Amino acid sequence: MPKHFDIIVIGAGPAGMTAALNCLRAGKTVLVLEGENVGGQIALSPRVENFPSYPVAAGAELMDKLYSQIEQWGAQIEFECAKSAVKEGKTFTITTDYATYTCTSVILATGCKHREIGVEREEELVGNGVSYCALCDGAFYKGEDVAVIGDANTALQYALLLAGYCNKVHICALFDRLFADKALVDLVMAKPNVDVTYNIALKEFVGEDELSSLRFENTATGEPLTVDCKCAFICVGQIPQNEPFKDLVALDSKGYIIADESCVTSCEGVFAAGDCRTKKIRQLTTAASDGTVAAYAACAYVDKVTANL
Ligand SMILES: Cc1cc2nc3c(=O)[nH]c(=O)nc-3n(C[C@H](O)[C@H](O)[C@H](O)COP(=O)(O)OP(=O)(O)OC[C@H]3O[C@@H](n4cnc5c(N)ncnc54)[C@H](O)[C@@H]3O)c2cc1C
């Protein structure tokens with residue numbers, strides 16, 4: 001017999017852990033499933049400046065605190081990836097790569113992961129000059145020239161971190177401007193070892209076993225440009241991780257779960273919180289906010305189902 005919980009939260013990023021915290025405080029039995037590392041995307045951020053009451057903090061530090069907090073409230077956390085969720089009557093069955101669980105309500109807080117740039121040899125060079133995480137891999141390139149491919153907040157955060165110990169950081173932007181917060185742009189631009197080249201599209205990774213340079217094309221003139229660097233940090237957007245749940249809840253054309261501020265999905269008893277749902281602003285505070293909303297909705301749903309049994 002699979003173990004039954006009031007609520008299963010899928011994903012232990014800021015949305016999922018905030019949801020779990022509120023469900024636990026409401027006296028519900030909660031299982032949190034996490035397929036990779038606790039903390040989600042924000043754990044990759046070296047510098048968070050927009051979390052209320054913390055002027056500056058590393059994302060991992062914030063998430064470690066949240067993890068301890070839900071542990072103190074008695075959360076059961078299993079490091080298992082949810083592969084499917086099926087509803088039969090009033091019961092959901094969640095299957096992971098190791099086990100099967102049942103529950104009365106589900107909170108999907110699966111977030112997003114990095115998008116690949118889609119240039120030949122990208123996958124082959126991961127670990128040898130292609131990276132999606134400056135916090136994880138940046139230190140390998142101390143004193144070297146590196147490139148950051150991207151134009152938004154994550155790219156600029158990476159550039160700022162890398163500028164602290166790399167010789168040169170080239171920001172390679174597809175359009176004619178940066179789409180990041182002004183405060184962050186100002187910080188990065190004040191670094192003497194950072195430059196930005198606009199209107200360039202990556203065409204080729206150059207290097208035998210390791211990256212040695214990047215070949216770009218100017219999107220306006222078609223002129224080629226070579227940037228010598230030991231590593232390219234790629235930050236060109238994200239994709240939602242909702243594929244395993246596409247038969248349970250309705251997704252939009254980009255794969256986000258269709259849900260508004262109420263976090264209610266197309267399937268009764270399933271709530272979507274954080275970056276995985278349709279929304280305009282995907283950030284730490286909006287993810288945590290969704291976690292709270294989804295938790296209260298899920299608790300009310302569980303109470304309703306239990307009362308009618
Ligand atoms: C480098 C970087 C820097 C950032 N900096 C900032 C910043 O300074 N300020 C800010 O406000 N925002 C920042 N963000 C955005 C912020 O991190 C996200 O908005 C936030 O993490 C979203 O939280 P979430 O819980 O919705 O999703 P996520 O953080 O993506 O967490 C989802 C979790 O679900 C897990 N998961 C997914 N599918 C499954 C499954 N099937 N089974 C089990 N587990 C699963 C994932 O492994 C992950 O741990 C940054 C993002 C990045 C990448």
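Residues take their numbers from the sequence shown, with the count starting at 1. Predicted model, so just to flag it, every value in this text is computed and none were measured. Order of listing sets the numbers, starting from 1, for every ligand and every atom in it.
Taking every heavy atom of Glu80 and a limit of under 4.0 angstrom, the matching atoms of ligand 1 come to 43 (C). Atoms of ligand 1 lying under 4.0 Å from any heavy atom of Cys112, numbered from 1 in the order shown and given with element: 30 (O). Of all atoms in ligand 1, numbered sequentially from 1 with element shown, those under 4.0 Å from a heavy atom of Gly274 are 26 (O). Heavy-atom proximity to Ala287, at under 4.0 Å, picks out these atoms of ligand 1: 22 (C), 23 (O), 26 (O). The Thr154 neighbourhood of ligand 1 comprises atoms 1 (C), 2 (C), 52 (C), with distances under 4.0 Å to a heavy atom of that residue. Each of the atoms 25 (O), 31 (O), 33 (C) of ligand 1 lies under 4.0 Å from some heavy atom of Gly13. The contact set between ligand 1 and Gly111, taken as ligand atoms under 4.0 Å from a residue heavy atom, comprises 27 (O), 28 (P), 30 (O), 32 (C). Residue Cys81 has at least one heavy-atom neighbour below 4.0 Å for each of these atoms of ligand 1: 40 (C), 41 (N), 42 (N), 43 (C).
Shortest contact from atom 43 (C) of ligand 1 to any protein heavy atom: Gly35 N, 3.1 Å. When only non-hydrogen protein atoms are considered, atom 39 (C) of ligand 1 lies nearest to Thr110 CG2, 3.9 Å. From the protein, the heavy atom lying nearest to atom 25 (O) of ligand 1 is Ala15 N, 2.9 Å. Among all protein heavy atoms, the one lying closest to atom 50 (C) of ligand 1 is Ile42 CD1, 4.0 Å. Closest to atom 42 (N) of ligand 1 among all protein heavy atoms lies Ala82 N, 2.9 Å. Counting only heavy atoms of the protein, atom 11 (O) of ligand 1 lies nearest to Leu284 N, 2.9 Å. Of the protein's heavy atoms, Asp275 OD2, 3.3 Å lies nearest to atom 18 (C) of ligand 1.
Among all heavy-atom pairs drawn from Ile8 and Thr102, the shortest one is CD1-O, 4.0 Å. Nearest heavy-atom pair across Leu214 and Leu211 is CD2-CD1, 3.9 Å.
Look at Tyr158 and you'll find a heavy atom under 4.0 Å from some atom of ligand 1. In this structure, Asn37 has a heavy atom closer than 4.0 Å to ligand 1.
The main-chain N or O of Val302 is found under 3.5 Å from a side-chain atom of Thr306 such that the two form a donor-acceptor pair.
In summary, Lys304 and Glu268 engage in a salt bridge, as defined by a charged side-chain N under 4.0 Å from a carboxylate O. Classification of Glu49 and Arg47 as a salt-bridged pair holds, one side-chain N sitting under 4.0 Å from a carboxylate O. Here Arg277 pairs with Asp290 in a salt bridge; the nearest charged N to carboxylate O distance falls below 4.0 Å.
For Lys28, the NZ atom sits in a packed shell: over 12 heavy atoms of surrounding residues, nucleotides or ligands are nearer than 6.0 Å. Counting non-hydrogen atoms of neighbouring residues, nucleotides and ligands closer than 6.0 angstrom, the NZ atom of Lys113 reaches no more than 12 such neighbours.
Side-chain contact of Asp6 with Thr29: a donor-acceptor pair under 3.5 Å is present, judged by distance alone. Counted by atom type alone, Glu80 and Tyr101 present one or more donor-acceptor pairs between their side chains at under 3.5 Å. With hydrogens and angles left out, the side-chain atoms of Asp145 and Asn167 include a donor and acceptor closer than 3.5 Å.
Of all the listed residues (Ala109, Gly11, Ser45, Ser84), Ala109 holds the heavy atom that lies closest to atom 32 (C) of ligand 1. Taking each of Glu49, Gln41, Gln157 in turn, the one with a heavy atom nearest to atom 8 (O) of ligand 1 proves to be Gln157. Nearest residue to atom 48 (C) of ligand 1 from Glu243, Glu34, Arg282 is Glu34 (criterion: closest heavy atom).
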Test log, rule side-chain contact (heavy atoms from CB on, under 4.5 Å), inputs Gln241 and Cys112
CA-CA 5 Å; Gln241 306 202 73; Cys112 293; 5.5 Å; no
Between Lys279 and Thr286, is a side-chain contact (heavy atoms from CB on, under 4.5 Å) present by the stated rule, with each step listed?
CA-CA 9 Å; Lys279 55 159 67 180; Thr286 61; 3.5 Å; yes
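In terms of N/O distances under 3.5 Å, ligand 1 is approached by Asn50.
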